[in-house]
Amino acid sequence: LGHSSTHQGSVGQQLRLEVRVLAKFEGRAFPGSVVRATDGTNLYFWSSSKMVDMWPDSPESFPVVGVVKAHGTDRDGYQETRLTRVKIVG
């Protein structure tokens with residue numbers, strides 16, 4: 001996973017995705033959480049005011065909507081899509 005990841009959408013575009021969490025952490029500098037997720041091919045990253053236990057545990061997949069905030073790369077150099085205003089839908 002990662003080597004096949006490509007940037008999704010354009011900045012400002014709303015995406016509807018079915019994802020599963022790869023990693024989730026409590027925010028250190030803010031109350032909330034930081035989440036890394038995948039749709040099976042692409043990598044996504046977001047921070048949220050939701051507490052970390054509000055996001056389902058892997059391997060459960062769940063539907064979300066979010067707005068593309070930026071296109072970046074993760075620590076391993078793989079392309080990831082950074083999202084904002086992410087919420088679980090459905």
Side-chain angles (χ1 to χ4, degrees):
L1 189 68
H3 61 279
S4 60
S5 182
T6 58
H7 294 138
Q8 298 298 298
S10 55
V11 174
Q13 180 181 356
Q14 186 179 70
L15 299 179
R16 185 180 191 101
L17 306 162
E18 182 79 19
V19 297
R20 66 181 168 83
V21 169
L22 294 172
K24 56 184 180 177
F25 309 96
E26 284 187 31
R28 290 200 180 106
F30 63 91
S33 56
V34 175
V35 179
R36 292 199 68 219
T38 182
D39 61 7
T41 304
N42 303 297
L43 299 172
Y44 302 92
F45 171 90
W46 66 83
S47 57
S48 171
S49 60
K50 286 183 171 40
M51 294 295 110
V52 73
D53 58 357
M54 299 278 296
W55 301 106
D57 292 317
S58 193
E60 182 183 347
S61 64
F62 56 99
V64 296
V65 293
V67 175
V68 177
K69 181 178 182 178
H71 293 133
T73 54
D74 69 8
R75 290 183 200 163
D76 298 319
Y78 297 129
Q79 293 184 8
E80 71 179 5
T81 302
R82 296 180 184 161
L83 302 173
T84 188
R85 299 198 294 275
V86 176
K87 53 188 162 193
I88 298 172
V89 294

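- The CG atom of Leu43 sits 9.5 Å away from atom NE2 of His7, with the distance rounded to the nearest 0.5 Å.
- When all heavy atoms of His71 and Val11 are compared, the closest pair comes out as CE1-N, 4.5 Å.
- With values rounded to the nearest 0.5 angstrom, Phe30 atom CZ is found 8.0 Å from Ser48 atom OG.
- Linking Ile, Leu, Val, Met, Phe, Trp and Tyr whenever their side-chain heavy atoms come within less than 4.5 Å leaves Phe45 and Leu17 in two separate clusters.
- Interatomic distance, CZ of Arg82 versus CD of Gln8, reported as 15.0 Å (0.5 Å rounding).
- Under the 4.5 Å side-chain heavy-atom criterion for ILVMFWY residues, a single connected hydrophobic cluster contains both Val35 and Ile88.
- No continuous path of ILVMFWY side-chain contacts below 4.5 Å connects Leu22 to Val19, so the two sit in separate hydrophobic clusters.
- In this structure, Arg85 has no salt bridge (charged side-chain N to carboxylate O under 4.0 Å, His left out) partners at least two apart in sequence or on a different chain.
- Considering every non-hydrogen atom in both Ser4 and Thr41, the closest pair reads OG-O, 3.5 Å.
- Side-chain contact between Val68 and Leu83 is present, with at least one heavy-atom pair separated by less than 4.5 Å.
- Summarising the geometry of Arg20 relative to Glu60, their closest heavy-atom pair is CB-O, 3.5 Å, with the distance given to 0.1 Å.
- Within the 4.5 Å cutoff, the side chain of Asp74 has no heavy atoms near those of the Ser5 side chain.
- Here the shortest heavy-atom pairing between Thr6 and Thr81 reads O-OG1, 4.1 Å.
- Closest non-hydrogen pair, Met51 versus Gly32, comes out as CE-N, 3.5 Å.
- At a threshold of 4.0 Å, the pair Asp53-Lys24 does not count as salt-bridged, since none of the basic side-chain nitrogens sits closer than that to a carboxylate oxygen.
- For CD of Glu26, the number of neighbouring non-hydrogen atoms (other residues, nucleotides, ligands) closer than 6.0 Å is 12 at most.
- Residues Val65 and Lys87 meet the side-chain proximity criterion, which asks for heavy atoms closer than 4.5 Å.
- At least one side-chain heavy atom of Asp39 sits less than 4.5 Å from a side-chain heavy atom of Tyr44.
- Using the six-membered ring where Trp is involved, Phe62 and Trp55 have ring planes that are tilted, between 30° and 60° apart.
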